[in-house]
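Some notes on the structure that comes next.
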Number of protein chains: 2
Amino acid sequence: MDRVKKLSSKLQAQGQKMTKQRRAILEVLSASDKPLTAEEIFLLVRERKENTSLTTVYRNLKKLFAAGLITREGFHDDKAQFQLLSDCHCHNLICLNCRKVVKIDECPLSSFAKTVGEREGFTITEHRMELYGYCSDCLQRAKKE
Amino acid sequence: MDRVKKLSSKLQAQGQKMTKQRRAILEVLSASDKPLTAEEIFLLVRERKENTSLTTVYRNLKKLFAAGLITREGFHDDKAQFQLLSDCHCHNLICLNCRKVVKIDECPLSSFAKTVGEREGFTITEHRMELYGYCSDCLQRAKKE
DNA sequence: TTTCTTGCAAAAAATTTGCAATTAA
DNA sequence: TTAATTGCAAATTTTTTGCAAGAAA
């Protein structure tokens with residue numbers, strides 16, 4: 001659980017306390033290979049026999065987001081979904097069927113972003129990129145049906 | 001308003017009817033240079049003296065999304081935001097302060113996506129990329145303050 | 001006509017807030 | 001000790017649904 005420790009100190013560096021509930025959220029997110037909704041996180045924390053409430057989960061997700069530790073999106077579904085921001089700069093390849101997430105280490109965007117920023121007069125601070133498609137498992141299953 | 005017509009026929013091709021309310025939503029989205037929430041769309045449609053209700057806006061956004069005409073995201077804010085899917089394959093550069101959106105025509109990702117897909121055993125059907133930063137106006141204003 | 005769509009009111013779901021009690025630093 | 005955090009209950013906000021009336025093909 002080295003990763004959770006790193007995140008903890010990042011939080012504490014911002015003057016926030018590390019509580020059982022917070023650690024549990026980070027651990028749940030860290031153990032998940034796909035983005036989770038607030039409610040899913042709440043249930044997973046409970047499964048680990050940690051006390052918490054949905055309210056607390058919401059409040060903490062908000063803080064974690066503001067602190068830049070997690071990502072928030074609602075692209076392919078109705079509810080907001082949260083995910084740890086990986087320490088490496090990397091991107092995701094996401095299966096539209098099973099929502100499996102594969103990390104991609106390469107990033108072809110850094111130089112591209114620089115060029116575009118200069119041309120448009122922007123100071124570019126971040127970017128976001130995801131690839132979507134179907135993983136081999138889901139494709140095979142689809143063929144059999 | 002050629003763009004709206006194109007979108008209309010795409011909808012009708014799927015067996016849906018073209019109503020005043022639907023056209024108004026498409027026009028509002030088409031005229032906007034940034035993603036809008038359901039409520040903003042509702043208010044803008046009303047400003048155009050078209051009858052509608054929030055319910056109708058929600059129902060139509062859902063259909064438009066399912067039909068692949070619009071995008072939905074909740075990345076930098078709390079509410080879901082909607083935007084027309086541009087007919088050209090292009091990406092956005094978004095100012096984190098004023099939310100201005102600049103279209104970028106180039107896309108360095110097609111060949112990248114293909115390579116990664118083959119390596120990971122995915123059939124990649126779409127991708128998503130956005131650049132975020134601060135536009136020159138916002139930067140200058142920030143300096144003056 | 002026939003089927004899809006609208007708008008209202010009401011319901012359900014998601015998210016936030018007030019406040020007293022608890023806990024980490 | 002003290003400032004941040006929790007959990008409950010209640011409030012708010014966002015989104016969805018049932019149903020009768022209205023509009024498009």
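Everything numeric in this text was worked out from a predicted model, so none of it was measured. First the proteins, then the strands, lettered A, B, ... as listed; each starts at 1.
- No donor-acceptor contact under 3.5 angstrom links the side chains of B:H91 and A:H127, judged on distance only.
- For D:dT5, one of the phosphate oxygens OP1 or OP2 lies less than 4.0 angstrom from a side-chain nitrogen or oxygen of A:K63.
- In this structure, CZ of A:R23 is placed 19 Å from P of D:dA4, rounded to the nearest angstrom.
- The side chain of B:T19 contributes an N or O atom lying less than 4.0 Å from OP1 or OP2 of C:dT6.
- Regarding contacts with the backbone of C:dT15, every side-chain N or O of A:T55 stays at 4.0 angstrom or more from both OP1 and OP2.
- Not one side-chain nitrogen or oxygen of A:Q21 sits closer than 4.0 Å to the OP1 or OP2 atom of C:dT23.
- Here the nucleotide nearest the side chain of B:Y58, chosen from C:dT16, C:dC8, D:dT15, is D:dT15.
- Applying the 4.0 Å criterion to OP1 and OP2 of C:dT16, one finds that A:K62 has a side-chain N or O inside that range.
- A donor-acceptor contact under 3.5 Å is formed by the side chain of A:K17 with the base of D:dA3.
- Between B:N60 and C:dT6 there is a side-chain N or O to OP1 or OP2 distance below 4.0 Å.
- Using a distance-only test at 3.5 Å, with no hydrogens or angles considered, a donor-acceptor pair links the side chain of A:R22 to the main chain of A:K17.
- Comparing A:S53 and B:A38 by the nucleotide of DNA chain D that holds the closest heavy atom to each, the one mapping nearer the 5' end is A:S53.
- When atom types are taken as modelled, the side chain of B:S32 and the backbone of B:V28 share no donor-acceptor pair closer than 3.5 angstrom.
- Straight-line distance from the CG atom of B:L54 to the C1' atom of D:dT17: 15 Å, rounded to whole Å.
- Distance CZ (B:R46) to P (C:dG7): 8 Å, rounded to an integer number of Å.
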Subject >> From CA spacing to verdict: side chain to side chain contact (heavy atoms under 4.5 Å, CB included), B:I104, A:F112 >> reply: CA-CA 11 Å; B:I104 304 166; A:F112 177 74; 4.0 Å; yes
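- The interatomic distance linking B:L61 (CG) with D:dT14 (P) rounds to 14 Å, in whole Å.
- To the nearest angstrom, P of D:dT6 lies 11 Å from CD of A:E50.
- When the P atom of C:dT15 is taken as reference, atom CG of A:L64 falls 15 Å away, rounded to whole Å.
- When each of B:G15 and B:T56 is assigned the nucleotide of DNA chain C bearing its nearest heavy atom, the one mapping closer to the 5' terminus is B:G15.
- For A:Q12 and C:dA25, the shortest distance from a side-chain N or O to OP1 or OP2 is below 4.0 Å.
- With D:dT6, C:dT16, C:dG7 as the choices, the nucleotide that has an atom nearest any side-chain atom of A:R22 turns out to be D:dT6.
- Here the side chain of B:R59 is nearest to one of C:dG7, C:dA14, D:dT6, namely C:dG7.
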